[in-house]
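All remarks here apply to the structure that follows.
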Amino acid sequence: MIRFPTKDEQREQRWSGLNAAQADGLECVMCETNYLHPSVPDPAVPHVPVGVSTDTGSQVFACVGICAALAWP
């Protein structure tokens, strides 16, 4: 079973070493899927918050499913 982080855990998880789009919350922190310009055939990519960028302070996201599961130890 996939366990998603609580809201407190989402705020506490810090991410560094992200590219600019990931650090701004525009791409998945795991697979780099761009949420503004997703690839066809899946134009709507569901994603969940997984923490905050240490570089920008912005909330960062991972795609729902395997990316979100891998984003949490």
Side-chain angles (χ1 to χ4, degrees):
M1 174 185 267
I2 296 174
R3 182 187 80 78
F4 289 102
T6 66
K7 294 218 183 272
D8 287 337
E9 289 172 327
Q10 291 171 5
R11 285 188 286 271
E12 293 174 10
Q13 181 76 7
R14 303 285 183 221
W15 290 81
S16 61
L18 301 174
N19 67 39
Q22 289 171 316
D24 284 336
L26 303 176
E27 285 185 355
C28 177
V29 296
M30 300 306 292
C31 72
E32 298 182 13
T33 293
N34 186 309
Y35 298 130
L36 294 180
H37 305 286
S39 60
V40 178
D42 188 7
V45 180
H47 48 283
V48 294
V50 292
V52 176
S53 168
T54 57
D55 298 326
T56 63
S58 295
Q59 188 174 36
V60 296
F61 299 88
C63 301
V64 169
I66 192 68
C67 290
L70 291 173
W72 293 96

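For reference, positions follow the sequence shown, starting with 1. A quick note: this is a predicted structure, and the numbers were derived from the prediction, not measured.
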* Asked: Could you give the distance from CH2 (W15) to CE (M30), rounded to the nearest 0.5 Å?
  -> 5.5 Å

* Residue pairs involving residues 46-68 (criterion ring-ring contact (aromatic ring centres under 6.0 Å, His included); sequence neighbours excluded) -> Y35-H47, H47-F61

* Structure fact -> Of all heavy-atom pairs linking V48 and A68, the shortest is CG2-CB, 3.8 Å

* With a 4.5 Å heavy-atom cut-off, do V60 and V50 have their side chains touching? -> yes

* Mind listing the closest non-hydrogen atom pair of T56 and A23 along with its distance? => OG1-O, 2.6 Å

* Inter- and intrachain pairs under side-chain hydrogen bond (donor to acceptor under 3.5 Å, both in side chains), touching residues 17-27, at least two apart -> N19-Q22, N19-E27

* Distance-only, no hydrogens or angles: does the S53 side chain make a donor-acceptor pair with backbone N or O of S58 under 3.5 Å? -> no

* To do: Measure the shortest side-chain to side-chain distance between C31 and C63 over non-hydrogen atoms and say whether it is less than 4.5 angstrom.
  => yes

